[in-house]
Amino acid sequence: MPAPVVPMKAVATDQLPPDDDRWAFEVKWDGMRVVAEVRAATPGGDEGALRLWSASGSDATDRFPELAGLPGAVHEAGSVVLDGEVVALDPTSGRPEFGLLQPRIQATTPGAVQRAAARQSVQYIVFDVVSVDDQPLLDHPYRDRRSRLEELLEAGPNWRVGPSQRGDGELLLDAVRRQGLEGVVAKRIDSPYVAGSRSSAWRKIKVRLHQELVVGGWLPGEGGRVSTFGAVLVGYRDPPAHGAEPAGPLRYAGRVGTGFRQRDLITTLTELERRQRPNCPFDPPPPAPVARLARWVDPTLVAEVAHAEWTRDGVLRHPSFLGWRTDKDPSTIGRTP
DNA sequence: TTCCGACAGTGGGGTCGCAAT
DNA sequence: ATTGCGACCCCACTATCGGAA
């Protein structure tokens, strides 16, 4: 059975739209996009029905047993199609953390889902309704779909309608930044739901961190990049154990393979080859699968890298190359955030 | 003409599950 | 028992092309 709708997506941008009344602002939740097809429960005893879909159209119903009560929370409609994000909240910080959701997404057996669900429950943050009683609402403006959504879905222990505010995007972005959330999504309040499309009527503004890092090695490229390189291996200096020595051990911080333009690839390869050395400069060395393929270089090149956050394993998430910092002393590059 | 949206193709971290070792 | 690998999730970014503005 196919998914009832392919989710609409937002274009990425680094600037908020003008803060006028034509835009609504929502938190960008760091989780898994899920479309819910719900047949409402009735007082007469019909318990309703629920089917969940991933953004790529695969059936995810069995992965999130805590949403089984959703049909009982839909009122004034016999059936609805909802759009939202499933998130896993870190119990200590209260923030959504994608890593906590992963075991659930990856599980393929009922037993694995059960074990993952026992350790970590999920929340479904609903932000749109695209169909009611088999009548598509795609052509209705965002504003109308939202008010419809708020009428028909009652919050439950594991689901709720995500907040949306008219205007004041700057305020929301500040709050999101302070709380360590992923970003903000701006939506034109008069825009239709264009299924499957990445429309500029929806814009995501993600919080990106900047970090200077030292290059200690690189990996060969594939496909169109076999003749240059795939990624550079980056790291930072830990503070020295004692005293004021400038450079402690070089800690591995991940691979950076995107953000390079064609001409960067060629000039960078030259710089890497010039710094070639036989042994690994990282202490400890990167994980085996990386180290096995790596070519090592003297750690003297400093890159500026954008990323979303540091993972639990101390490496960069969603890293991208911004440029070279020839003005920086590589022995002073530490981890900033 | 310029710009936008869709695709393809490269790259990232992480987890699960199965096959090979 | 360990390791390697692909399949999925999330994604960033560059380059290209055709059609809309």
Side-chain angles (χ1 to χ4, degrees), chain A residues 6-14 28-34 52-60 62-64 85-88 96-117 119-120 122 182-183 194-211 213 218-234 252-266 268 286-293 303-323:
Chain A
V6 181
M8 175 169 170
K9 290 173 284 188
V11 297
T13 171
D14 49 12
K28 180 168 195 319
W29 302 100
D30 189 12
M32 174 176 166
R33 189 74 175 272
V34 167
L52 306 174
W53 306 93
S54 79
S56 58
S58 63
D59 191 319
D62 296 335
R63 296 185 188 285
F64 306 114
E85 190 91 1
V86 167
V87 298
E97 197 167 311
F98 187 72
L100 297 174
L101 192 61
Q102 291 223 65
R104 197 76 76 88
I105 296 170
Q106 311 300 0
T108 55
T109 65
V113 170
Q114 208 174 349
R115 281 192 300 276
R119 265 180 287 136
Q120 175 70 51
V122 300
E182 196 188 14
V194 189
S197 154
R198 191 179 298 279
S199 155
S200 59
W202 287 15
R203 302 181 185 181
K204 56 181 174 185
I205 301 95
K206 301 188 78 170
V207 176
R208 297 282 280 166
L209 305 175
H210 283 209
Q211 171 75 51
L213 292 156
W218 56 282
L219 295 173
E222 289 176 8
R225 282 170 64 169
V226 277
S227 58
T228 54
F229 65 95
V232 292
L233 310 181
V234 294
Y252 175 67
R255 312 181 263 185
V256 183
T258 193
F260 298 98
R261 288 158 301 186
Q262 198 65 46
R263 62 177 181 275
D264 296 332
L265 293 169
I266 296 154
T268 299
V290 175
R292 196 158 36 82
L293 300 170
E304 176 142 12
V305 173
H307 66 102
E309 62 181 354
W310 291 90
T311 72
R312 292 188 166 195
D313 291 343
V315 296
L316 306 170
R317 181 164 176 230
H318 301 155
S320 61
F321 174 79
L322 294 175

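Here is the naming used below: chain letters follow the sequence lines, and residue numbers restart at 1 for every chain.
- For the OP1/OP2 pair of dC9(C) and a distance below 4.0 Å, the side-chain nitrogens and oxygens of Ser56(A) include at least one atom meeting the criterion.
- Of all heavy-atom pairs between Ala60(A) and Met32(A), the closest is CB-CE, 4.2 Å.
- Glu309(A) places its CD atom 14 Å from the C1' atom of dA12(C), with the value rounded to the nearest Å.
- Looking at Tyr252(A) and Val315(A), their side chains come closer than 4.5 Å, going by heavy atoms from C-beta outward.
- Here the side chain of Ala231(A) is nearest to one of dC9(C), dC11(C), dG11(B), namely dG11(B).
- In this structure, Trp218(A) places its CH2 atom 18 Å from C1' of dG12(B), rounding to the nearest Å.
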Along nucleotides 14-21 of chain B, 5' to 3', which nucleotides get a B, which get an S, and which get a -, given that the test is a protein heavy-atom distance under 4.0 Å?
BBSS----
Protein heavy-atom contacts under 4.0 Å, written 5' to 3' over nucleotides 14-21 of chain C as B (base), S (sugar-phosphate only) or - (none), form the string SS------
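- Note: CD (Glu222(A)) to C1' (dG9(B)) measures 12 Å, nearest angstrom.
- For Ser58(A), the side chain to side chain donor-acceptor pair (under 3.5 Å) partners two or more places apart in sequence, or in a different chain, are Ser54(A).
- Leu316(A) comes within 4.0 angstrom of the backbone, heavy atoms only, and of no base.
- With the nearest nucleotide of DNA chain C identified for both Asp30(A) and Pro289(A), Pro289(A) has the one nearer the 5' end.
- The separation between Gln211(A) atom CD and dG12(B) atom C1' is 16 Å, rounded to whole Å.
- Where Met32(A) and Arg292(A) each meet DNA chain C at their nearest nucleotide, the meeting point lying more 5' is that of Arg292(A).
- Qualifying salt bridge (charged side-chain N to carboxylate O under 4.0 Å, His left out) partners for Lys204(A), counting only residues two or more places apart in sequence or in other chains: none.
- Scanning residues 199-208 of chain A for heavy-atom distances under 4.0 Å to DNA chain B yields Ser200(A).
- Asp59(A) meets the salt bridge (charged side-chain N to carboxylate O under 4.0 Å, His left out) test with Arg51(A); sequence neighbours excluded.
- In this model, no donor atom of one side chain and acceptor atom of the other lie less than 3.5 Å apart for Gln211(A) and His307(A).
- At whole-Å resolution of the value, CG in Leu265(A) and C1' in dG11(B) are 10 Å apart.
- Partner Leu101(A) forms a side-chain contact (heavy atoms from CB on, under 4.5 Å) with one of Val86(A), Val87(A), Asp30(A) and no other, that one being Val86(A).
- The separation between Phe98(A) atom CZ and dC8(C) atom P is 15 Å, rounded to whole Å.
- Partners of Arg261(A) under the side chain to side chain donor-acceptor pair (under 3.5 Å) rule, at least two apart in sequence or in another chain, are Asp264(A).
- Distance CZ (Arg317(A)) to P (dC11(C)): 8 Å, rounded to an integer number of Å.
- Here Phe229(A) pairs with Phe260(A) under the ring pair (Phe, Tyr, Trp, His ring centres under 6.0 Å) rule; sequence neighbours left out.
- Exactly one residue among Arg208(A), His318(A), Glu182(A), Arg317(A) makes a side-chain contact (heavy atoms from CB on, under 4.5 Å) with Glu309(A). That residue is Arg317(A).
- Put simply, Lys28(A) has a side-chain N or O that comes within less than 4.0 Å of OP1 or OP2 on dC11(C).
- Helix bend of the helix from dA8(B)-dT14(C) to dT21(B)-dA1(C): the angle between its two end axes, each built from five pairs, comes to 30° after rounding to 10°.
- Here the side chain of Arg63(A) pairs a donor or acceptor atom with the backbone of Ala107(A) at under 3.5 angstrom.
- Contact between the side-chain N/O atoms of Arg255(A) and the OP1/OP2 oxygens of dG12(B) is found at a separation under 4.0 Å.
- In this view, Glu97(A) and Arg312(A) satisfy the salt bridge (charged side-chain N to carboxylate O under 4.0 Å, His left out) rule, not counting sequence neighbours.
- His210(A) approaches Leu322(A) most closely through the heavy-atom pair CE1-CD1, 3.5 Å.
- The distance between atom CZ of Phe229(A) and atom C1' of dC13(C), rounded to the nearest whole Å, is 13 Å.
- Applying the ring pair (Phe, Tyr, Trp, His ring centres under 6.0 Å) rule to Trp202(A) yields the partners Tyr193(A); only residues at least two apart in sequence or on another chain are considered.
- For Arg255(A), the salt bridge (charged side-chain N to carboxylate O under 4.0 Å, His left out) criterion is met by no residue, not counting sequence neighbours.
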